[in-house]
Asker: 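My questions all concern the structure below.
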Amino acid sequence: MKIYTSAQMREREQAAVDAGTSFEQLMENAGTAAASDILQRFPLPGRCLVVCGKGNNGGDGLVIARCLHEQGWQVDIVFLLGEQLSELAELNRQRLPQSERLQIMALQQVSQQKSYDLLLDGVFGTGFSGALPDKVGQCMKALNQMSGTRIALDMPTGLNCDTGQAAENTFMADITYTFAAYKPAHLQAQAQTYCGQIVCLDIGID
């Protein structure tokens, strides 16, 4: 079992890029691996809400959104921290298809929608520490109260991946996909309450 801190994970990603891959390819690998597992668990198309931050965790979510849409899913996307995205996240936003089955919406519109089968958290991932911004905390609180399977990417938003400390209103995942290795928090009993089932996916990093 490989266990990497957030700093070690960044080092391993950089080593993979130095060896000839790219950060773009690593994001594609992460998103497609998670989407493949989701589609095995949920083979019939349904409705998915993807809540994205502005960084690469949100970019992973956008890859998943594209993959689910290609398999017939209705996908709604919220950019929780605004639409100024990281370079890789923006690249994957540009790759989203123009379709009635894929909608960008404001957070306040979500409550007006029908229920979702999947609620996907791609806001902070491994880079979080401290307290959640009020807007994010309120969003996570609302997601935790909605029906549907809750999925986190690498780490539920609000959970520190190195210490396992949970902020108020941390996302309560049913499934957490961790990429390349487990993070220290995944192995802590108190943090596992927020992670649900933890699935480690190979994305091409040693």
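Since this is a predicted model, take the numbers as computed values, not measurements.
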Asker: So, S99 versus H69: side-chain donor-acceptor pair below 3.5 Å or not?
Answerer: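 The answer is yes; a qualifying pair exists.
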Asker: How about P97 and L102: do any of their side-chain heavy atoms sit closer than 4.5 Å?
Answerer: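 Counting from C-beta outward, P97 and L102 do come under 4.5 Å.
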Asker: Show me the donor-acceptor pairs within less than 3.5 Å that the side chains of residues 83-91 make with the rest of the protein, sequence neighbours left out.
Answerer:
residue	atom	partner	partner atom	Å
E83	OE1	R93	NH1	2.8
S86	OG	N56	OD1	2.9
S86	OG	A89	N	3.2
E90	OE1	R93	NE	3.0
E90	OE1	R93	NH2	2.4
E90	OE2	Q94	NE2	2.4

Asker: Looking at Q8, I want to see if its CD is surrounded by more than 12 non-hydrogen atoms of other residues, nucleotides or ligands under 6.0 Å.
Answerer: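 More than 12 heavy atoms, drawn from other residues, nucleotides or ligands, come within 6.0 Å of this atom.
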Asker: For residues A167 and G130, report the shortest heavy-atom separation together with the two atoms involved.
Answerer: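 Reported closest heavy-atom pair: CB-O, 3.6 Å.
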Asker: Among L62, I64, L120, V50, find the residue that satisfies the side chain to side chain contact (heavy atoms under 4.5 Å, CB included) test when tested with V75.
Answerer: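 Result: among L62, I64, L120, V50, V50 is the only option passing the side chain to side chain contact (heavy atoms under 4.5 Å, CB included) with V75.
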Asker: So does L80 get a backbone contact from the side chain of K135, meaning a donor-acceptor N/O pair under 3.5 Å?
Answerer: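 Side chain of K135 to backbone of L80: a pair is present.
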Asker: Quick check: does any side chain N or O of N169 sit under 3.5 Å from a backbone N or O of Q138, one acting as donor and the other as acceptor?
Answerer: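 Between the backbone of Q138 and the side chain of N169 there is no qualifying donor-acceptor contact (under 3.5 Å).
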Asker: Going through the checks in order, is the salt bridge (charged side-chain N to carboxylate O under 4.0 Å, His left out) test met by R66 and E28?
Answerer: CA-CA 11 Å; R66 169 166 40 90; E28 186 72 14; 2.9 Å; yes
Asker: Could you report the tightest heavy-atom contact between I203 and A30, atom names first, then the distance?
Answerer: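 Of all heavy-atom pairs spanning I203 and A30, the closest is CG2-CA, 3.5 Å.
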Asker: Can you tell me which residue pairs pass the side chain to side chain donor-acceptor pair (under 3.5 Å) test with a partner in residues 141-158, sequence neighbours excluded?
Answerer: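 Those involving residues 141-158 are D121-T157, D154-T178, D154-K183.
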Asker: Determine whether T5 and M9 make a side-chain contact, defined as any pair of heavy atoms from C-beta on separated by less than 4.5 Å.
Answerer: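 No, side chains not in contact.
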Asker: Give a yes or no answer on whether the side chain of N57 reaches the backbone of V123 with a donor-acceptor pair at less than 3.5 Å.
Answerer: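 At least one qualifying donor-acceptor pair exists.
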Asker: Mind running side-chain hydrogen bond (donor to acceptor under 3.5 Å, both in side chains) on D60 and Y177 for me, showing each step along the way?
Answerer: CA-CA 11 Å; D60 294 338; Y177 291 113; over 6 Å; no
Asker: Taking W73's backbone N and O only, do any of them form a donor-acceptor pair with R101's side chain (distance below 3.5 Å, no angle check)?
Answerer: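 Yes.
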Asker: Using the test ring pair (Phe, Tyr, Trp, His ring centres under 6.0 Å), find all partners of F171 that sit at least two apart in sequence or belong to another chain.
Answerer: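 For F171, no residue satisfies ring pair (Phe, Tyr, Trp, His ring centres under 6.0 Å) once neighbours in sequence are set aside.
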